[in-house]
Chemist: 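Before we start, here is the structure in question, set down as structure tokens.
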Amino acid sequence: MQTVNQPIRKKDAMQLLTGQPVYTDDIAPANCLVVKLLRSPHPNAVIEEIRTDAAMKVPGIEAVFTWKDVPQDGPRFTLAGQTYPEPSPQDRLVLDRHVRFVGDPVAIVAGKDEKCVDRALRLIKVTYQVLEPVLDFRTAMDHPVLVHPEENWEALCQVGADNKRNLCAHDECGEGDIEAVLADCDVVLDRTYHTKANQQTMMETFRTFCTIDTYGRLHVVSSTQIVFHCRRIIAKALGIPKSKVRVEKPRIGGGFGAKQTAVMEIYPAFVTWKTKKPCKLVFSRKESMIASSPRHEMQMHVRLGAMKDGRIRAIDLHTLSNTGAYGEHGPTTVGLTGHKSIPLYGKAEAFRFVSDVVYTNRMSAGAYRGYGATQGLYAVETTVNELAAVLGMDPTALREQNIVREGDVMPAYYGETNTSCALDRCITKVKEMIGWEEKYPSRRMENGKVRAVGMGLAMQGSGISGVDVGSASLKVNDEGFYTLRIGAADMGTGCDTILAQIAAEVLECGMDEIAVFGADTDASPYDSGSYASSTTYVTGKAVEKAALKLREKICTVAAGLLDCSTEDVTFDGETIVCEATGKSVSRKEVAIASQCGNTIALEVTETHSSPTSPPPFMAGAAEVEVDLETGETDVIQYAAAVDCGTPVNPNLARVQAEGGILQGIGMTLTENVTYSGGGKVLENSLMQYKIPTRQDIGHIHVEFESSYEEKGPFGAKSIGEVVINTPLPAITAAIYNATGLWFRELPITSEKIVMGRLKQLDKTGGLS
């Protein structure tokens, strides 16, 4: 292959590297009104009175909007960006008289500059009726205090939601007699795990600007992953036709799922629609930390049954998820905790998976890379590691005995067949990369510290089967260069480059001959958006189909010029030759001819949706060094082998893997969202919320063990999400091998290790 599977430089690399103005705030009009939000100091309250007269007298203030400007009995909406009908409950208003978490918007202020807006915010006087909050998600279901008591709350899909029970979603599924199989097992482990909320902490915070275009339409430019869903959300929130809304995205400075929720677009859209003036809203880092869409806090109860020889026979999982004050992505994230973890052990005779998602008066949760699979894999994989310890088995040998393999039917993965899988080779490769045989389980170093290794497996998906839609438009331009129009959003992942590589491979041309445009609801073909690891597999296939059809059209026009049949011509990407006569025309000549007296449009739009979602697989192994006296833990090296089918661009795939691994390490060791007793987020900056940097981590080594997925473009599957999932169980196991302690709540801090060691020594008589 000439372009696919090649490490081609990103198309936007030099613009980004040289600091060109390509991001949302860079290109906002200079005369934009500045928009800011007044936020609730209470986790649960009703606004009794709000006075804005003093704020409106501040010079430069254009408008102050409150709940009085929004019909409280009107239809509610969700900010979650997924295919309609959105499974997340419709539970929001632009401004609600009932505020449900510390940080919930109370008023929107717009003015000529930040100084006047900040002054006006201080002058707004609000009187609250403070209500009892629901802060503990373990007691939220059927709590006497309801987070959403309103009658116009609505669930468009049957997801087991009931706002009168604080229940955002409920589901259960399974196969086989789980209780009977567990009762017949030699060993049954019963474990409970807890993961807290995590912030995506993308470099570019949430930001949007809005204008009214020449035709009186609302034009929204936003750092978003979901232009089409964003248009739907804004139109419903404002009560205007979708035809009146256009949404486009420029370069995005990172998303990781945070921008799959329309966290803030509705507020500047509301201001511009009301005032007919351009405005912009740029979230501070603090706002992005206290009022955004972090990963769902979850508690997972696992029962795993096995025989003494290591054969895993049953997996029973119950997940309790905290959606916070609103239900964005609540019903959908929780499903992945079971459906992307249990199928790894496809030889089990029975499984059961039950899930509940509850409302609380916490910051609303949302999508984050891994999307629930991260939490579920931490729980199931750690239980497997614990099983290996109980049985005295090498955890790699235990996995090799039980893992799903190519050709297996996966009942817990919606009954799909595993059509491409190199997971066994991934395990073998990782053992070799980390030096497993020499290092497992641990060894004491000369400095008194202990080094140990641990392993974890992961699988994800390639889009949402039977739901996600990808589309691509390709056309021939003057002199024969191409334009590729897409609706998928490149958020730094390089999908513009990857999709262009697929087109270039089919069209046999150079990358510079393909200009990429996207994403814009007015000009792009419909695409579900960049999420669920769908872009390469789903949209990439649409690009491949479009390029193949465009080749046919080029040959048809060329055949007319050569006065022969289409079947008689060949096209090598540059020249079309009539095999019968030897005559030829160049691609450039065909392009020129198509613009005069031509009736065949050299333009194609293709759409693709897949009935299956072939999973990528990954094995990861961590080597950690633990100071047993201080609890300080360093990741010395992390080895990973990934099966993403054919890597379309190995360099970009490797960077994706390295970044995801780093995020997984942070989730395991340092990242922590905690609350005050009054429901206030305590980590409101990157001084308190500790994400790892490259300097904090040793060597990350990524290799690819490729399978070939027939239904993907050139054999490709996804890679974006699977890469974040293995560090959690791998590091947890490595810490156990170093300390003899299992930690079932993340993050595993040095303080927890020290306290665990003290208890351990006390029990064994190590302390006097």
Side-chain angles (χ1 to χ4, degrees), residues 191-199 201 289 294-295 297 299 374-375 378-379 381-382 385-386 389 434 439-456 620-638 661-676 681-700 724 726-764 766-767:
R191 301 290 188 265
T192 300
Y193 302 88
H194 178 212
T195 58
K196 298 182 181 180
N198 299 106
Q199 288 286 356
T201 53
M289 301 295 283
R295 189 186 296 283
E297 176 186 25
Q299 177 175 282
T374 310
Q375 298 96 308
Y378 161 63
E381 281 295 279
T382 301
N385 282 327
E386 292 199 41
I434 202 79
K439 296 175 181 177
Y440 174 78
S442 65
R443 63 200 194 281
R444 187 172 287 273
M445 311 305 292
E446 291 181 0
N447 58 10
K449 299 179 181 180
V450 178
R451 286 195 181 183
V453 291
M455 174 175 278
E623 180 179 11
V624 305
E625 184 174 85
V626 182
D627 187 323
L628 298 181
E629 292 185 0
T630 67
E632 180 183 3
T633 301
D634 294 314
V635 178
I636 302 302
Q637 66 167 319
Y638 199 92
I661 289 166
L662 195 66
Q663 287 177 313
I665 292 170
M667 184 175 175
T668 309
L669 295 177
T670 62
E671 297 182 39
N672 201 10
V673 172
T674 60
Y675 287 83
S676 70
V681 175
L682 297 178
E683 294 78 18
N684 62 12
S685 78
L686 295 180
M687 292 296 289
Q688 290 89 19
Y689 188 80
K690 302 294 185 181
I691 61 173
T693 69
R694 258 309 196 180
Q695 292 178 323
D696 299 317
I697 304 299
H699 185 62
I700 296 177
I724 198 173
T726 60
L728 287 69
I731 294 171
T732 300
I735 291 173
Y736 165 76
N737 288 331
T739 66
L741 297 168
W742 286 111
F743 292 93
R744 302 187 183 100
E745 179 183 77
L746 300 182
I748 306 171
T749 61
S750 57
E751 292 85 355
K752 288 180 181 178
I753 292 175
V754 169
M755 295 306 294
R757 285 280 296 161
L758 289 173
K759 291 179 181 178
Q760 183 185 55
L761 291 170
D762 192 26
K763 286 181 180 178
T764 58
L767 293 177

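Because only heavy atoms are used, hydrogens play no part in the values below, and waters and symmetry mates are left out as well, while side chains stay in.
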Chemist: Can you name the residues that form a side chain to side chain donor-acceptor pair (under 3.5 Å) with Arg444, not counting sequence neighbours?
Modeler: none

Chemist: Please report the interatomic distance OG1(Thr732) to CD(Glu386), rounded to the nearest 0.5 Å.
Modeler: 9.5 Å

Chemist: Flag yes if more than 12 heavy atoms outside Met445 fall under 6.0 Å of its CE atom; otherwise flag no.
Modeler: yes

Chemist: One pair to check against side-chain hydrogen bond (donor to acceptor under 3.5 Å, both in side chains): Tyr378 and Thr668. What are the steps and the verdict?
Modeler: CA-CA 10 Å; Tyr378 161 63; Thr668 309; over 6 Å; no

Chemist: Which heavy atom of Gly456 sits nearest a heavy atom of Pro729, and at what distance?
Modeler: CA-CG, 4.1 Å

Chemist: Taking the side chain from Asn737 and the backbone from Val453, do they hold a donor-acceptor pair closer than 3.5 Å?
Modeler: yes

Chemist: Has Asn385 got a side-chain atom pairing as donor or acceptor with Ala730's backbone, closer than 3.5 angstrom?
Modeler: no

Chemist: Side chains of Glu297 and His194: does their closest heavy-atom pair fall under 4.5 Å?
Modeler: yes

Chemist: Look up atom CD in Gln375 and atom CG in Leu746, then write down how far apart they are to the nearest 0.5 Å.
Modeler: 9.5 Å

Chemist: Closest approach of Gly454 and Ala733, non-hydrogen atoms and distance?
Modeler: CA-CB, 4.0 Å

Chemist: What are the two closest heavy atoms between Pro727 and Gly664, and how far apart are they?
Modeler: CB-C, 3.7 Å

Chemist: Where do Asn672 and Pro747 come nearest, in terms of heavy atoms and distance?
Modeler: OD1-CD, 3.6 Å

Chemist: Check Tyr638 against Thr726 and note the closest heavy-atom contact, atom names and distance.
Modeler: OH-OG1, 2.7 Å

Chemist: Can you classify the ring geometry of Trp742 versus Tyr736 as parallel (below 30°), tilted (30 to 60°) or perpendicular (above 60°)?
Modeler: parallel

Chemist: Would Ile748 and Ile731 count as a side-chain contact (heavy atoms from CB on, under 4.5 Å) here? Give the steps.
Modeler: CA-CA 9 Å; Ile748 306 171; Ile731 294 171; 5.5 Å; no

Chemist: CG of Leu758 to CD of Gln760: how many Å apart, nearest 0.5 Å?
Modeler: 10.0 Å

Chemist: Could you measure the distance from the OG1 atom of Thr195 to the CZ atom of Arg295? Nearest 0.5 Å is fine.
Modeler: 8.0 Å

Chemist: Keeping Tyr689 on the side-chain end and Gln199 on the backbone end, is there a donor-acceptor pair under 3.5 Å?
Modeler: yes

Chemist: Assess whether atom CD of Glu745 is packed by more than 12 heavy atoms of other residues, nucleotides or ligands within 6.0 Å.
Modeler: yes

Chemist: Does Thr749 have any side chain to side chain donor-acceptor pair (under 3.5 Å) partners at least two apart in sequence or in another chain, and if so, which?
Modeler: Glu751

Chemist: Could you walk me through whether Leu741 and Ile735 pass the side-chain contact (heavy atoms from CB on, under 4.5 Å) check?
Modeler: CA-CA 7 Å; Leu741 297 168; Ile735 291 173; 5.8 Å; no

Chemist: For residues Gln663 and Ile724, report the shortest heavy-atom separation together with the two atoms involved.
Modeler: CB-CD1, 3.7 Å

Chemist: Please determine whether side-chain contact (heavy atoms from CB on, under 4.5 Å) holds for the pair Glu625 and Asn447, giving the CA-CA distance in whole Å, both sets of side-chain angles, and the decisive distance to 0.1 Å.
Modeler: CA-CA 11 Å; Glu625 184 174 85; Asn447 58 10; 4.0 Å; yes

Chemist: About how many Å separate CD of Glu632 and CG of Asp627, when rounded to the nearest 0.5 Å?
Modeler: 6.5 Å

Chemist: Might you work through the side-chain contact (heavy atoms from CB on, under 4.5 Å) test for Leu682 and Gln688, ending with a clear yes or no?
Modeler: CA-CA 8 Å; Leu682 297 178; Gln688 290 89 19; over 6 Å; no

Chemist: Enter the distance from Thr192:OG1 to Arg744:CZ here, rounded to the nearest 0.5 Å.
Modeler: 8.5 Å

Chemist: Side-chain contact test, heavy atoms from C-beta onward, threshold under 4.5 Å: evaluate it for Pro294 versus Met289 and give yes or no.
Modeler: no

Chemist: Give a yes or no answer on whether the side chain of Lys196 reaches the backbone of Thr674 with a donor-acceptor pair at less than 3.5 Å.
Modeler: no

